[in-house]
Amino acid sequence: MRKITVSGKDEYEILIKSGILGSCGEHIRKVTSASRALIISDTNVFPIYGQTVVASLEQNGFKVASHIFPAGEASKNLATVEGMIKALCENELSRNDIVVALGGGVTGDMAGFASAIYLRGINFVGIPTTLLSQVDSSVGGKTGCDLTFGKNLIGAFHNPKLVLIDPETIKTLPTRYKNDGMGEIVKYALIKSEELYNTLLNCKNIDDILTDVIYTCVDIKRQVVENDFTEKGERMLLNFGHTLAHAIEKYENFCGLAHGEAVGVGMLCITKTSEKCGETEVGTAEKIEKLLNKFSLPTTFSGKTEELVNIMLYDKKRRGDSINLVLCEKVGKSYVKPFPISKLGSFFVEGK
Ligand code: NAD
Ligand code: GLY
């Protein structure tokens with residue numbers, strides 16, 4: 001078993017092990033004296049993994065209930081969060097009880113948010129079941145949901161008590177979502193690790209090295225969130241490609257490109273422009289495109305520039321009339337550059 005400890009005010013462990021789902025109750029029992037557990041999951045994940053988790057929790061003395069919501073980003077809204085809060089009330093969870101988020105990033109973000117606001121905060125454990133959520137969203141305590149104005153506009157920083165990563169769950173993940181997770185993995189390589197870039201580029205079969213890659217990404221994110229939990233500086237780097245990605249997702253009403261797909265497109269587009277502006281080493285965009293192609297990720301997007309820019313006005317990295325754009329200096333190195341909002345349109349058109 002591999003273990004990563006995320007230090008800080010609410011220190012927690014991330015355990016990575018094939019098959020850990022079957023003993024999740026044992027691990028969760030070590031971090032809580034809760035008597036009740038509410039599993040929050042979606043309509044795709046619960047039928048596959050729900051019973052394993054219920055059984056293990058019951059064996060470890062928890063009174064278990066579950067709340068299942070319709071799978072997909074289109075569910076990531078306040079109405080679904082309200083449904084979760086009602087389930088917490090109906091099942092009489094008290095302040096020392098625990099929520100178990102079983103699913104991908106959509107489940108984890110919303111279950112974490114419901115935990116953050118119910119009774120002003122109760123504990124939750126993350127059991128991420130997509131590649132994207134294992135390498136990214138389950139770590140760092142960002143929870144929340146979308147609003148009609150845009151992506152992830154409401155939320156709270158609320159750390160989990162524990163994260164259990166079972167790489168076996170990737171075997172049932174549809175290929176599209178496995179590739180989607182690769183979008184965020186490519187992001188880590190571009191912002192922080194040329195070594196990871198080369199590993200991804202040279203590997204023959206990603207499945208052979210997936211557990212190592214998950215560990216590497218989680219450890220990169222650990223370092224970043226330990227330094228800057230509330231995203232005042234370095235954590236913004238994790239948003240490389242996200243300004244355009246979030247706008248595309250909202251433009252398509254959260255039913256088009258998936259998050260990691262949109263991030264891939266966003267990283268490529270912004271780097272094409274930053275290369276032209278002399279901010280990025282020449283040839284970097286080509287290197288990004290090569291990896292996106294390798295993992296069957298899209299490289300183009302549709303959408304009217306004016307509408308996309310209007311959505312970007314709600315980006316969380318905006319500060320008044322300026323927006324903090326994340327740029328890649330070269331593979332493995334990134335930085336934040338304040339940019340005038342008024343010039344965003346021409347900037348993104350360049351890279352399209
Ligand atoms: P998701 O949760 O919608 O999962 C993708 C699809 O896979 C869903 O249909 C789901 O039901 C299905 N699924 C999940 N696990 C499965 C499994 N093991 N077998 C079969 N099917 C399975 O989406 P996601 O890609 O995991 O997460 C995307 C979300 O994460 C976005 O909303 C994004 O904003 C968020 N995110 C958050 C952070 C953060 O720091 N909090 C970071 C990155 C992304
Ligand atoms: N994925 C962005 C963050 O965790 O900050």
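Just so it is clear, the model here is predicted, and its values are computed rather than measured. Each residue takes its place number in the sequence, starting with 1. Just so you know, ligand 1 is whichever comes first in the structure, and atom 1 is the first atom listed for that ligand.
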In terms of residue, atom name and distance, what is the protein heavy atom nearest to [atom]?
atom: atom 9 (O) of ligand 1; answer: Asn44 ND2, 3.0 Å
atom: atom 16 (C) of ligand 1; answer: Leu173 CD1, 3.5 Å
atom: atom 11 (O) of ligand 1; answer: Asp42 OD2, 2.7 Å
atom: atom 35 (C) of ligand 1; answer: Asp109 OD2, 3.4 Å
atom: atom 32 (O) of ligand 1; answer: Glu73 OE1, 2.6 Å
atom: atom 25 (O) of ligand 1; answer: Asp180 OD2, 3.5 Å
atom: atom 36 (N) of ligand 1; answer: Ser137 CB, 3.6 Å
atom: atom 30 (O) of ligand 1; answer: Gly105 CA, 3.4 Å

Considering only heavy atoms of [X], which atoms of ligand 1 have at least one such atom less than 4.0 Å away?
X: Lys76; value: 31 (C), 32 (O), 33 (C), 34 (O), 35 (C)
X: Glu184; value: 43 (C)
X: Ala71; value: 11 (O)
X: Gly104; value: 2 (O), 26 (O)

| request: Ignoring hydrogens, just give me the one of Thr130, Asp136, Leu132 whose non-hydrogen atom is nearest atom 44 (C) of ligand 1. | output: Leu132
| message | My understanding is that we take every heavy atom of each candidate and find the minimum distance to atom 17 (C) of ligand 1. Doing that for Asp166, Asn239, Thr172, which one comes out nearest? | response | Thr172
Under 4.0 Å to a heavy atom of [X] - the qualifying atoms of ligand 2, by number:
X: Asp136; result: 1 (N)
X: Lys142; result: 2 (C), 3 (C), 4 (O), 5 (O)
X: Lys221; result: 1 (N), 3 (C), 4 (O)

| field | Glu231 to ligand 2, any heavy atom closer than 4.0 Å | value | yes
| said: Heavy-atom distances under 4.0 Å decide this one: backbone, side chain, both or neither, for Lys142 against ligand 1? | reply: both
| field | Which segment of Asp146 sits under 4.0 Å of ligand 1 when only heavy atoms are counted | value | neither
Ion pair check, [X] and [Y], cut-off under 4.0 Å:
X: Lys76; Y: Asp109; answer: yes
X: Lys330; Y: Glu279; answer: no
X: Lys63; Y: Asp97; answer: no

Tell me whether ligand 1 is touched by [X] - counting only heavy atoms on the residue side and a distance under 4.0 Å.
X: Pro174; value: yes
X: Lys151; value: yes
X: Lys171; value: no
X: Lys221; value: yes

Grab the two heavy atoms, one from [X] and one from [Y], that are nearest each other, plus how far apart they are.
X: Ser75; Y: Phe69; answer: CB-CD1, 4.0 Å
X: Arg222; Y: Thr5; answer: CD-O, 3.2 Å
X: Pro338; Y: Ser322; answer: CB-OG, 3.8 Å
X: Gln134; Y: Val218; answer: O-CG2, 3.3 Å

| request: Measure Val139 to ligand 2 on non-hydrogen atoms and call it side chain, backbone, both or neither using the 4.0 Å cut-off. | output: neither
Below 3.5 angstrom, do we get any N/O pair linking [X] and ligand 1?
X: Gly72; result: no
X: Asn152; result: yes
X: Thr129; result: yes

Are there more than 12 heavy atoms of other residues, nucleotides or ligands under 6.0 Å from atom [atom1] of [X]?
X: Tyr335; atom1: OH; result: yes
X: Lys316; atom1: NZ; result: yes
X: Arg120; atom1: CZ; result: no
X: Glu195; atom1: CD; result: no
X: Glu286; atom1: CD; result: no
X: Asp321; atom1: CG; result: no

| query | Cationic tip of Arg29 within the cone over Phe62's six-membered ring, i.e. under 6.0 Å and within 45° of the normal? | reply | yes
| Separation of Cys328 SG from Glu281 CD (nearest 0.5 Å) | 9.0 Å
| Are His158 and Phe124 close enough that their ring centres sit under 6.0 Å apart? | yes
